[in-house]
Amino acid sequence: MVHTSMMRKSCEMTSARVLVVDDDSTFVRRASVSLGSLGDVESIASGDDLVRHVLNWAPDVIVLSLLLDDRDGFQLLDELFSLDLTPPPFVLCTTSGPASATRVAPCANWPVGTICRTAQLHQLRDAVEQVLAARDEVVAAVR
């Protein structure tokens with residue numbers, strides 16, 4: 001495992017854009033506080049607004065609840081995958097249950113991972129830093 005201090009060397013140079021998509025206002029508030037020092041954090045509570053927001057704001061990372069009240073999270077992933085974004089944002093899907101763990105893996109040419117919804121705030125921040133570091137490598141390889 002990579003230590004947090006080594007994960008994102010460019011964090012001090014470049015501000016990240018993190019979009020939190022969740023209809024739980026308590027989780028959104030806690031996540032925004034935890035991730036705020038990484039850069040700009042925006043949140044939306046409706047899956048219906050996700051594609052428009054991604055196209056308008058171009059986040060680096062999307063923290064996406066798969067269990068939104070208004071939309072199915074897997075359908076939202078399909079909609080995101082259909083977009084032609086280069087490079088695509090990393091997506092961390094929040095999950096819950098005893099087998100939940102943080103994982104980052106490619107999916108349909110998009111980097112997608114999972115993080116347990118009940119993870120401690122430092123674990124959420126570490127996971128976002130991990131995907132930001134991986135995204136930096138992808139962007140550098142494309143250049």
Side-chain angles (χ1 to χ4, degrees), residues 1-139 142:
M1 180 165 175
V2 178
H3 294 288
T4 302
S5 61
M6 300 294 292
M7 279 188 205
R8 181 156 165 86
K9 294 176 186 173
S10 65
C11 184
E12 294 144 6
M13 293 183 269
T14 305
S15 181
R17 291 180 176 208
V18 181
L19 176 61
V20 179
V21 185
D22 202 304
D23 50 19
D24 178 344
S25 61
T26 301
F27 177 80
V28 169
R29 186 172 44 257
R30 293 178 67 228
S32 296
V33 168
S34 176
L35 302 172
S37 65
L38 296 177
D40 299 323
V41 178
E42 291 192 5
S43 65
I44 56 174
S46 170
D48 290 335
D49 299 330
L50 178 60
V51 170
R52 179 187 51 76
H53 203 85
V54 167
L55 291 173
N56 289 334
W57 193 54
D60 298 303
V61 178
I62 300 169
V63 178
L64 172 66
S65 170
L66 294 176
L67 302 174
L68 295 169
D69 286 337
D70 67 335
R71 295 290 303 277
D72 175 78
F74 293 101
Q75 287 178 338
L76 287 172
L77 284 173
D78 284 341
E79 289 178 34
L80 286 174
F81 295 159
S82 72
L83 300 175
D84 185 24
L85 302 175
T86 304
F90 273 55
V91 181
L92 275 176
C93 299
T94 58
T95 63
S96 57
S100 298
T102 301
R103 297 181 182 92
V104 177
C107 181
N109 297 323
W110 277 58
V112 176
T114 60
I115 185 164
C116 183
R117 187 174 174 74
T118 57
Q120 298 294 319
L121 291 179
H122 74 276
Q123 292 169 312
L124 173 62
R125 182 185 167 87
D126 288 351
V128 170
E129 285 183 326
Q130 181 182 359
V131 296
L132 286 170
R135 186 171 196 276
D136 287 348
E137 290 176 13
V138 169
V139 170
V142 171

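In this structure a side-chain-to-backbone donor-acceptor pair under 3.5 Å is present from D60 to R17. A donor-acceptor pair under 3.5 Å is absent between the side-chain atoms of S43 and the main chain of V28, judged by distance alone.
Minimum interatomic distance between D22 and F27 (heavy atoms only, all atoms of both residues): OD2-CD2, 3.4 Å. The two residues T26 and D24 make their nearest non-hydrogen contact at N-OD1, 3.0 Å.
Within the structure, every pair that satisfies the side chain to side chain donor-acceptor pair (under 3.5 Å) test and touches residues 61-78, not counting sequence neighbours, is listed here: S46-D70, D48-R71, R71-E79.
Residues S34 and V128 have side chains not in contact (no heavy-atom distance under 4.5 Å, counting atoms from C-beta outward). Contact check for L80 versus I62: side-chain heavy atoms found under the 4.5 Å cut-off. Side-chain contact between R125 and L35: present, with at least one pair of heavy atoms (C-beta onward) separated by less than 4.5 Å. When side chains are defined from C-beta on, L124 does not count as touching T94, because their heavy atoms never get closer than 4.5 Å. Inter-residue side-chain proximity for V63 and V18 is flagged as met; some heavy-atom pair is nearer than 4.5 Å. Side chains of H53 and P59 form no contact here, defined as non-hydrogen atoms less than 4.5 Å apart. Side-chain contact check for L85 versus L55: some heavy-atom pair is nearer than 4.5 Å.
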Quiz item: Taking it one step at a time, do L66 and F74 satisfy side chain to side chain contact (heavy atoms under 4.5 Å, CB included)?
Solution: CA-CA 7 Å; L66 294 176; F74 293 101; 3.8 Å; yes

Exercise. Given side chain to side chain contact (heavy atoms under 4.5 Å, CB included), test L38 with V61 step by step and report yes or no.
Key: CA-CA 11 Å; L38 296 177; V61 178; over 6 Å; no

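Between I44 and the options V20, D23, L50, a side chain to side chain contact (heavy atoms under 4.5 Å, CB included) holds for only L50.
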